[in-house]
There are 2 protein chains.
Amino acid sequence: MNRSTTRIADLCHHVGATVTVRAWVIHLRSKGKLGFVVVRDGTGVLQGVVVKAEVPEADWAAFGTLTQECSVALTGEVRADARAPGGYEMGVRSLALIGASPLDYPIQPKEHGIDFLLDHRHFWLRSQRQAAIMRVRSELELAVHDFFAARDFVRCDTPILTAAIGERAGLFSTDYFDEGTAYLAQTGQLYGEALAAALGRIYTFGPTFRAEKSKTRRHLTEFWMIEPEMAWYDQDDNMDLQEDFVRYLVERVLERRPEELKVLERDTAPLACVSEPFARVDYTDAVRLVQEQGGALQWGEDLGAPDEAMIVDHYQRPVFVVNYPKEAKAFYMKENPADPRTVRCADLLAPEGRGEIIGGSQREDDYDKILHRLTEEGLPVEAYGWYLDLRKYGTFTHAGFGLGLERTIAWICGIEHIREVIPFPRMMGRLTP
Amino acid sequence: MNRSTTRIADLCHHVGATVTVRAWVIHLRSKGKLGFVVVRDGTGVLQGVVVKAEVPEADWAAFGTLTQECSVALTGEVRADARAPGGYEMGVRSLALIGASPLDYPIQPKEHGIDFLLDHRHFWLRSQRQAAIMRVRSELELAVHDFFAARDFVRCDTPILTAAIGERAGLFSTDYFDEGTAYLAQTGQLYGEALAAALGRIYTFGPTFRAEKSKTRRHLTEFWMIEPEMAWYDQDDNMDLQEDFVRYLVERVLERRPEELKVLERDTAPLACVSEPFARVDYTDAVRLVQEQGGALQWGEDLGAPDEAMIVDHYQRPVFVVNYPKEAKAFYMKENPADPRTVRCADLLAPEGRGEIIGGSQREDDYDKILHRLTEEGLPVEAYGWYLDLRKYGTFTHAGFGLGLERTIAWICGIEHIREVIPFPRMMGRLTP
């Protein structure tokens, strides 16, 4: 059946030929002895023109029974037509209903509330807009692999089920045989550090979990992260790599997914800013900037979303905020030799009010200092034995970062809430479908 | 620091030049005023030749303090030398100890038990053999993406946290806010089916979980699967795709990772069998074949590992066993029109006693039949509402499969137990490091 089915995206190679398209009906219209059926197959949209005199009687009758989202097989000649949705149309010679679709198909061409749409996510994904987001997501994921492959990074899959280790915010947990409780990983970074000592430069690409009760447009309980970790990189190397990476991702989507961005009505002009060097601003200067603009941020505090927005608005391009106060950041970040109150880290803020899409740092490579920080933060030192080993046996300069995939897609696509950029989002209050 | 560090794998581009390598010591030897230090940096192995008269006095003294797995910076001229491990050596002009390594480094050049090695997985990964496996894994993962990208499949990330849906064997579970219990997905397939209706041809690539108490060389509690799902594919199309896919994966590793396969002492001759057409054997014939060879297998039973081995030994190449009895397989497989006691499915058995690496099927697209099967198997029909919707609104012929990544890597690398082919394996009794 595959071999006898032509995908709509491939019709450009079949102009003048007779092919069969199998697809779902999204729009119907008829005028006497002339019918129009617009179908989608996940690769594109095609208008079929059905002339009563040109199809068998049974097929004309079948045309009359079609409904939204029923599946059909259309056979006919492919014609280029600039006015047609998708650029091609088919002069239908035969039409068969494959799977009927009752008239109560939930998603109708009208406004639906977000909860209704999420309840029917399996259908909502069929809409042109949602499908376009999914194709951009897929392109971006491929771009990630191509970027790191070109630089000889080794992709490594770090474990999801972990003993008590990682960051401290909400954790999902499960019983794990006689081992007691396992926690769903919030990050693969600590494992990434061990792998960097084994393989040099690595990256992870996988789901991460936060059992946080945050209900914002930037939070999911299950989201995907890319976490590179590089032996012998310092924080400057780290930021250079991030800059190349983000620039590559944006340019790749602009180059290869223009049709999808058009469906999403994304004004791509603001994305051009990535071609300039990203701004790099010391945290202390960032605080001053926020304060000058009337923000209440005090030195020592982490940036809130409004603070981030003020900073990025000032620069009108991606901004690295570097060297945060130690207290605001995780235990594993390297103390800044130039100012030991701070650490060698950077958050990368995306433009257009998107906020943080990357958090990265050089890692503390001094055994005593990291042990001190672990203790200070009240973390279970015994669980970090293998992690401390990396500093005890041949410690090494290294750095890495984590890019939030959904936040990056949402920025590039111009989607307000990240729940739309993952096939089946998981949030507080949302576990189905 | 990145810019001042040359990776060992890149030394071929620097013959005759003076470079700095930062790496870990794996071997030391000295003879009067001549010293040899062999280092690894995760990309390769390099021998540095240290002549007392040619380095500063302090550097010669530092050489005397080196131990296994300490980290060092070596600067000197790169020389091609066919006898040297890796093909190059360095005439060292300066040497600095970066991170010391106590003499009790756990992994010594002697036999260690498997539990000891797994307890020290963060160090074990530094061994040449384990690092080679990780590089093959990474290559294979990249190959997966390239294969599907070339065919315009959309990569989709299906959820890990799910409500009660999926297969029935052991499930890990966690509290999920007010939604009650969430289960860690054993497969992304059902979601993949919804996505195929939206996007045409899709594939997933992610971790899956089984809380099974099996302790075999083919089971992990956390493993990675690739699950393609294709609209308008029947089971024959499905098997053709699988055959192309597996052939591509094997040939890609043979072509791009010959050095790693050499480190693993993999005899690659048996892998050549993938270039021939794979065998396709009806389940009924497979049972007869096993019985003829003295096996106790009865029609209706699923194949055991010894049965699989007998079948593959007979054909000496990958074998699809097709059309299993309905009772032996999952509810979603399409009833075989030619013999309704069976379903349109296939398991792909790998050669060399490796057993099943792929399970695939055409999916039942008849609403009444799949509802009947769900009920028959005592599954919670209400939880499958959205899945049934795919048959209710525009049902479609579709098929898909799941390839077990670790089993495939283990086969290609010739590794007996799949615990070695994932960075940090999770099994019964193993949750750390």
Side-chain angles (χ1 to χ4, degrees), chain A residues 1-2 5 7 22 24 41-43 69-71 99 101 105 122 125-126 131 134-135 138 141-142 145 149 154-161 163 172-174 176-177 179 182 191 194-195 198-200 207 222 224 232-234 237 386 389 393-397 422-424 426 428 431-433, chain B residues 1-2 5 7 22 24 41-43 69-71 99 101 105 122 125-126 131 134-135 138 141-142 145 149 154-161 163 172-174 176-177 179 182 191 194-195 198-200 207 222 224 232-234 237 386 389 393-397 422-424 426 428 431-433:
Chain A
M1 176 161 288
N2 159 30
T5 304
R7 294 199 283 185
R22 288 183 174 80
W24 290 264
D41 73 347
T43 76
E69 283 301 322
C70 71
S71 53
S101 180
Y105 182 73
H122 55 302
L125 286 165
R126 299 182 181 190
M134 292 305 127
R135 280 194 295 269
S138 180
E141 295 186 327
L142 207 58
H145 296 301
V154 182
R155 181 209 165 139
C156 293
D157 301 308
T158 52
I160 309 299
L161 295 168
F172 289 111
S173 63
T174 181
Y176 194 84
F177 307 108
E179 272 56 55
Y191 292 98
L195 287 156
L199 296 159
E222 177 180 326
W224 288 65
W232 312 115
Y233 271 49
D234 61 23
D237 301 323
W386 66 265
D389 276 352
Y393 298 92
T395 193
F396 62 118
T397 301
I422 188 166
F424 293 91
R426 297 296 182 245
M428 235 183 95
L431 183 61
T432 56
Chain B
M1 175 162 288
N2 159 31
T5 304
R7 294 199 285 186
R22 289 183 172 80
W24 290 264
D41 73 347
T43 76
E69 283 301 322
C70 71
S71 53
S101 181
Y105 182 73
H122 55 302
L125 286 165
R126 300 182 180 190
M134 292 306 126
R135 279 194 294 268
S138 179
E141 295 186 326
L142 208 58
H145 296 300
V154 182
R155 181 210 166 139
C156 293
D157 302 308
T158 52
I160 309 299
L161 295 168
F172 290 111
S173 64
T174 181
Y176 194 84
F177 308 107
E179 272 56 55
Y191 292 99
L195 287 157
L199 297 159
E222 177 180 327
W224 288 65
W232 313 114
Y233 270 50
D234 63 21
D237 302 323
W386 65 264
D389 276 352
Y393 299 91
T395 193
F396 62 120
T397 301
I422 188 166
F424 292 91
R426 296 296 182 245
M428 234 182 96
L431 185 60
T432 55

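Each chain gets a letter, A, B and so on, in the order its sequence line appears, and its residues count up from 1. Only this structure's heavy atoms are used, side chains among them; waters, hydrogens and symmetry mates stay out.
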Between T174(B) and S173(A), is there a donor-acceptor pair closer than 3.5 Å when you use the side chain of the first and the backbone of the second?
-> yes

Please report the shortest heavy-atom distance between R155(B) and W224(A), naming the atom on each side.
-> NH2-CZ3, 3.5 Å

Start with the C-alpha gap between N2(B) and D234(A), add the side-chain angles, then the distance that decides, and say whether side chain to side chain contact (heavy atoms under 4.5 Å, CB included) holds.
-> CA-CA 7 Å; N2(B) 159 31; D234(A) 61 23; over 6 Å; no

Could you tell me whether the side chain of L195(A) reaches within less than 4.5 Å of the side chain of P423(B), counting heavy atoms only?
-> yes

Which answer fits P207(B), side chain, backbone, both or neither, if we ask what part of it has an atom under 4.5 Å from a heavy atom of chain A?
-> side chain

Heavy-atom distance under 4.5 Å between the side chains of H122(B) and Y191(A), does that happen here?
-> no

Rounded to the nearest 0.5 Å, how far apart are CG of L199(A) and CZ of R126(B)?
-> 10.5 Å

Contact winner vs chain B - P159(A), C156(A), G200(A), A194(A), heavy-atom pairs under 4.5 Å | P159(A)

When only pairs under 4.5 Å are counted, which of E69(B), R135(B), E179(B) shares the most heavy-atom pairs with chain A?
-> E179(B)

Between the main-chain N or O of G99(B) and the side-chain N or O of T395(A), is there a donor-acceptor pair closer than 3.5 Å?
-> no

Tell me, side chain or backbone of F177(A) under 4.5 Å from chain B's heavy atoms, or both, or neither?
-> side chain

What is the minimum heavy-atom distance between A163(A) and T432(B), and which atoms define it?
-> CB-CG2, 3.6 Å

For the atom pair CZ (R426(A)) and CG (L161(B)), what is the distance rounded to the nearest 0.5 Å?
-> 7.0 Å

Of all the heavy-atom pairs spanning V154(B) and M134(A), show the shortest one and how long it is.
-> CG1-O, 3.8 Å

What option among D41(A), L142(A), T5(A), D237(A) has the most heavy-atom pairs under 4.5 Å with chain B?
-> D237(A)

By a 4.5 Å heavy-atom criterion (distance strictly below it), what part of D157(B) contacts chain A: side chain, backbone, both, or neither?
-> both

Name the orientation class of the two ring planes belonging to W232(B) and W24(A) (parallel below 30°, tilted from 30 to 60°, perpendicular beyond 60°).
-> tilted

State, yes or no, whether a side-chain contact exists between Y176(B) and M428(A) at a heavy-atom distance under 4.5 Å.
-> no

Under 4.5 Å to a heavy atom of chain A? For L125(B) that would be both

Quick one: sort the F424(A) and W386(B) rings into parallel, tilted or perpendicular, breaks at 30° and 60°.
-> tilted

Between chain A and each of A149(B), A131(B), S101(B), count heavy-atom pairs under 4.5 Å; write down the option with the most.
-> S101(B)

Determine the minimum heavy-atom distance between I160(A) and E222(B), stating which atoms define it.
-> N-OE2, 2.7 Å

